[in-house]
Amino acid sequence: RPRMAAASARRHTLARLAPAGIAIAAACTAAAAAPAASKPQHGQPTAQALMHSRELWATIDVCNSPKQPNTVGIRGSMPGDGKPADKMYMSFALEYLNAANQWAPLTSSSSGWVLIGDGSGARQGGRSFTIKPSHARPKLVLRGMVSFRWMRANRQFAHTTRPTTGGRQALVGAEPAGYSAARCNL
């Protein structure tokens, strides 16, 4: 009988400890995996962190101003990944609101890829487009689209596109100073 009691006590103790051991093992595994998933090596942001950065935006900073008539200026900002060897590019384009109330590309209004700088920190860049005035066409409602590309060793490791929004702070180029809008009526 004493043997049976001892065996029963061992089973009871193991049964009580097993869930705790599994929970501890799971917690250790999650803790070990968490730094790798949320933090890249050497403190550089991940591609996902770049996509959610407050430094990633696009805005219209010129819209048919007195000094730049019939011109739409688009400015973008993108965060760096902290690596000076990496390169950052932007591509600027205009879209117009068509008769079906949908955004459509405005032909011949793309800059192609423009080198903005290295990945050591946040960068801004911009392009302006002059639209030929026409009394035959109705007013255009325009917005900008900026595509962002991060390159490492000539390979893209992150890419996204953003439409223009207002309330941004362009470092240079806004007309008038501080101008930032999501759309431009031309």
Side-chain angles (χ1 to χ4, degrees), residues 44-45 47-152 154 156-186:
Q44 276 90 25
Q48 183 177 11
L50 293 171
M51 299 303 119
H52 293 92
S53 171
R54 294 169 66 188
E55 295 174 323
L56 182 64
W57 51 260
T59 195
I60 291 176
D61 63 352
V62 175
C63 178
N64 196 28
S65 70
K67 291 183 181 177
Q68 299 182 61
N70 303 309
T71 299
V72 179
I74 304 171
R75 187 152 202 82
S77 171
M78 63 191 299
D81 64 356
K83 294 186 175 188
D86 291 349
K87 302 294 180 216
M88 300 189 305
Y89 294 83
M90 291 183 200
S91 176
F92 305 88
L94 285 174
E95 292 184 339
Y96 71 99
L97 203 55
N98 66 19
N101 207 30
Q102 295 177 330
W103 292 106
L106 189 64
T107 56
S108 303
S109 72
S110 178
S111 68
W113 289 105
V114 178
L115 176 64
I116 301 302
D118 66 40
S120 61
R123 305 271 186 237
Q124 288 187 14
R127 287 293 178 267
S128 292
F129 300 92
T130 300
I131 309 299
K132 291 183 181 180
S134 170
H135 297 292
R137 69 167 161 74
K139 288 245 182 220
L140 289 174
V141 177
L142 301 166
R143 76 172 180 182
M145 291 297 286
V146 180
S147 294
F148 304 89
R149 180 183 282 176
W150 289 263
M151 303 287 287
R152 179 173 298 143
N154 295 323
Q156 177 178 295
F157 71 91
H159 175 267
T160 191
T161 300
R162 296 285 192 272
T164 50
T165 58
R168 305 301 181 170
Q169 186 174 1
L171 295 176
V172 296
E175 164 102 25
Y179 183 81
S180 175
R183 296 178 179 185
C184 178
N185 297 323
L186 193 63

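- Partner of Val146 under the side-chain contact (heavy atoms from CB on, under 4.5 Å) criterion, chosen from Thr160, Ile74, Leu56, Thr161: Ile74.
- Between Asn98 and Ala104, the shortest heavy-atom distance links the atoms ND2-CB, 4.1 Å.
- Going from atom CZ of Arg162 over to atom OG of Ser77 covers 11.5 Å, rounded to the nearest 0.5 Å.
- Other residues, nucleotides and ligands contribute at most 12 non-hydrogen atoms within 6.0 Å of the CD atom of Gln169.
- Contact annotation: the side chain of Phe129 never approaches that of Ser108 to less than 4.5 Å [non-hydrogen atoms, C-beta and beyond].
- Considering only heavy atoms from C-beta on, Leu140 stays 4.5 Å or farther from Leu94 through its side chain.
- Of all heavy-atom pairs between Ala170 and Asp61, the closest is CB-OD2, 4.3 Å.
- Minimum interatomic distance between Ala47 and Phe157 (heavy atoms only, all atoms of both residues): CB-O, 3.9 Å.
- Side-chain contact check for Val62 versus Arg75: every heavy-atom pair is 4.5 Å or farther apart.
- Listed by first and then second residue, the salt bridge (charged side-chain N to carboxylate O under 4.0 Å, His left out) pairs involving residues 96-116 amount to none (not counting sequence neighbours).
- Annotation for Pro79 and Glu55: closest pair CB-OE1, 3.5 Å, computed over non-hydrogen atoms.
- For the residue pair Thr71 / Ser128, no side-chain donor-acceptor distance below 3.5 Å is found, with atom types taken as modelled.
- Between Phe148 and Met78, the shortest heavy-atom contact is CD2-CB, 3.7 Å.
- Residues Asp118 and Lys87 meet the side-chain proximity criterion, which asks for heavy atoms closer than 4.5 Å.
- Closest heavy-atom contact between Met88 and Arg123: CE-CG, 3.0 Å.
- Atom-to-atom distance recorded for Trp103:CH2 and Leu97:CG is 4.5 Å, nearest 0.5 angstrom.
- Between Gln124 and Trp57 there is a side-chain heavy-atom pair separated by less than 4.5 Å.
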